[in-house]
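Residue numbers count from 1 along this sequence. Just so it is clear, the structure is predicted and the values come from calculations on it, not from any experiment.
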Amino acid sequence: MIEYRYDTQLLIEGKNLDEEAIYAYFVDHFAGDSLLAVGDEELIKIHYHTNEPWKVLEYCASLGEIYDIVVEDMDRQSRGLQG
């Protein structure tokens, strides 16, 4: 069984984005793994494995406009089903 079921990926577009602060917020507030938070002050790419992708989306939406959102069910994928 997969510990963190959902592969959550998105882009955040905004102003004065701080990838280190975003990374730290994820570590402090969300359970998950495989975290990537990379970019610059106007665009951050997020990749994260979690069981609560809606919390990730809510937080990221509070930082700016979110788009290119992908939430894939890795448990379904591991069973050969559509994610």
Side-chain angles (χ1 to χ4, degrees):
M1 178 154 186
I2 296 171
E3 183 176 4
Y4 297 109
R5 184 173 182 163
Y6 298 101
D7 178 4
T8 307
Q9 302 175 52
L10 62 116
L11 295 171
I12 309 167
E13 186 173 25
K15 296 183 188 238
N16 302 314
L17 298 173
D18 182 342
E19 68 183 71
E20 291 178 14
I22 293 169
Y23 190 99
Y25 188 92
F26 270 72
V27 170
D28 291 343
H29 293 89
F30 305 128
D33 64 13
S34 299
L35 174 59
L36 292 174
V38 296
D40 58 30
E41 292 181 350
E42 296 178 354
L43 185 67
I44 300 284
K45 165 76 175 178
I46 299 292
H47 174 268
Y48 196 52
H49 297 170
T50 183
N51 290 328
E52 301 174 319
W54 55 91
K55 290 183 179 181
V56 170
L57 296 176
E58 182 177 43
Y59 167 67
C60 291
S62 76
L63 301 174
E65 183 178 350
I66 60 174
Y67 63 99
D68 285 352
I69 301 163
V70 176
V71 177
E72 295 180 323
D73 186 333
M74 296 184 298
D75 182 56
R76 288 182 56 84
Q77 288 176 341
S78 71
R79 293 182 283 134
L81 304 170
Q82 293 274 329

Legend entry - Minimum side-chain heavy-atom gap Arg5-Met74 below 4.5 Å: no
Please find out if less than 6.0 Å separates the ring center of Phe30 from that of Tyr25.
yes
Tightest non-hydrogen contact, residues Asn51 and Glu3, listed as ND2-O, 3.0 Å
Check for me, please, whether Leu11 and Tyr23 land in the same ILVMFWY cluster - side-chain distances under 4.5 Å, paths through other members count.
no
- [ ] Could you go through the side chain to side chain contact (heavy atoms under 4.5 Å, CB included) check for Ile69 and Leu57 one step at a time?
- [x] CA-CA 9 Å; Ile69 301 163; Leu57 296 176; 3.8 Å; yes
Q) Given side chains that start at C-beta, do those of His29 and Lys55 come closer than 4.5 Å, heavy atoms only? A) no
Note: Ala61 and Ile66 closest approach over all heavy atoms is N-CG2, 3.7 Å
Interatomic distance, CD@Glu13 vs CG@Asp68, rounded to 0.5 Å, equals 10.5 Å
* **Close side-chain approach of Leu35 to Val27, heavy-atom, < 4.5 Å** => yes
In terms of heavy-atom contacts, Tyr4 and Ile2 come closest through O-CG2, 2.9 Å
_Within the 4.5 Å heavy-atom criterion, are Ile46 and Ile22 side-chain neighbours or not?_
yes
Close side-chain approach of Tyr48 to Cys60, heavy-atom, < 4.5 Å:
no
- Any side-chain heavy atom of Leu17 within less than 4.5 Å of one from Ile12? yes
Exercise. Taking Thr8 for the side chain and His49 for the main chain, is one N or O donor matched with an acceptor at less than 3.5 Å?
Worked result: no
Checklist entry - Can you find a pair of side-chain heavy atoms, one from His47 and one from Asp7, that are under 4.5 Å apart? => result yes
Indicate if Leu36 and Val70 have the same hydrophobic cluster label, given that clusters are the connected sets of ILVMFWY residues with side-chain heavy-atom separations under 4.5 angstrom. no
### Query
Side-chain contact, heavy-atom cut-off 4.5 Å: Asp75 with Tyr6?
no
